[in-house]
Amino acid sequence: MTAHIIDGKAFAANVRERVKGHVTRMVEEHGLRPGLAVVLVGEDPASQVYVRNKGKQTAECGMASFEHKLPADTDEATLLALVNQLNEDATVHGILVQLPLPKHLNSDLVINTIAPEKDVDGFHVVNVGRLGAGLKSMVPCTPLGSLMMLKDYHGDLSGKNAVIIGRSNIVGKPMAQLLLGANATPTIAHSRTANLEDVVRAADIVVAAVGRPEMVTGDWIKPGATVIDVGINRVPAPEKGEGKHKIVGDVHFESAVKVAGAITPVPGGVGPMTIACLLANTVTAASRAAGLPEPSDLTV
Ligand code: GUN
């Protein structure tokens, strides 16, 4: 027996189709075109790739896409002025400032300057607090996409033991809040957790978000468990030729797939869902801004 492979690429394409349908309706019936502004400071190559993909997919869904590229030595006042200008711009419903920012800029200050209702990353402290309090918020994209896949596969998550490996503000902590909201019982494990393997072995659902290539092996997984691999790690791949690299997750796929009940691959699992959920959040933000009903098929 090998695990069911959860196809994040196909799932993300399906989410984007739904987004496109909502955008078409909003434009036709309300003259409202959802708009997403992305701010990139500097020339980090990985960030440039992300931003290009975001711009392309935003436009493909019929949304307005605004890109602001600033030089790496941009000062804080200039960046904050741009964020404030986007906050005021009624054609912009979602604002994303690409992270990491160059070191001389205070990321917390920049993120918390974004109007919370336009914070499609869900990183603003107001959204973090609202999510924790069970109030309407913007939900971080990677956990949102992960929960969508879990709910699609399992239906009800009530009574499930979920272990999240990694306590980041971007994935681990919000993932725990979402799982709690879905009536699962989440545990957040991390690098200092005692007997990590045993903790993971008790889980019906494992969410790996530590950033350590192939750390979680098949013998850590409870037979039949569902494994969501959030890791994106670039590692040398000498088998592909000298100097070549490949992308692997935080889970050792070949061993885990023999034990798990279902598993997301890397690439092609959680990754594609993240941008799809960013588009979904932008439609949600635009709907809220216009006082329209929120599309229930773009959230969890
Ligand atoms: N850098 C890598 N992933 C992300 C993301 O989801 N949001 C932002 N703002 N920056 C990122």
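Whatever order the structure lists ligands and atoms in, that order sets their numbers, starting from 1. All values below come from the heavy atoms of this structure, side chains included, with hydrogens, waters and symmetry mates left out. In this chain, residues are counted from 1 in sequence order.
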Any nitrogen or oxygen of L96, main chain or side chain, under 3.5 Å from a nitrogen or oxygen of ligand 1?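 The answer is no, given that L96 and ligand 1 share no N or O pair closer than 3.5 Å.
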Heteroatom distance test (L99, ligand 1): nitrogen or oxygen, under 3.5 angstrom: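 Min N/O separation from ligand 1 is below 3.5 Å for L99.
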Tell me if the CD atom of E88 is crowded by more than 12 foreign heavy atoms within 6.0 Å.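 Atom CD in E88 is not crowded, with 12 or fewer foreign heavy atoms closer than 6.0 Å.
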Between the side chain of N127 and the main-chain N/O of P116, is any donor-acceptor distance below 3.5 Å?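 Judged by distance alone, yes, a pair lies under 3.5 Å.
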Atoms of ligand 1 close to Y50 [distance to a heavy atom under 4.0 angstrom, numbered from 1]: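 Atoms satisfying the 4.0 Å criterion: 2 (C).
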Could you tell me which atoms of ligand 1, counted from 1 in the order shown, lie closer than 4.0 angstrom to a heavy atom of V97?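 Near V97, meaning under 4.0 Å from one of its heavy atoms, ligand 1 has 8 (C), 9 (N).
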Do the non-hydrogen side-chain atoms of I111 and D121 ever get within less than 4.5 Å of each other?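 No, every pair of side-chain atoms sits at 4.5 Å or beyond.
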Using a strict 4.0 Å threshold on nitrogen-to-oxygen distance, state whether K54 and E67 make a salt bridge.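 Salt bridge flag = no for E67 with K54.
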What's the shortest heavy-atom distance between N112 and V125, and which atoms?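 Shortest heavy-atom separation between N112 and V125 comes out as OD1-N, 3.0 Å.
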Which of the listed options, V171, I170, D121, holds the heavy atom that is closest to atom 8 (C) of ligand 1?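 Result: the heavy atom closest to atom 8 (C) of ligand 1 is in D121.
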Which residue supplies the protein heavy atom nearest to atom 4 (C) of ligand 1, what is that atom called, and how far is it?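 Among all protein heavy atoms, the one nearest atom 4 (C) of ligand 1 is Q98 NE2, 4.2 Å.
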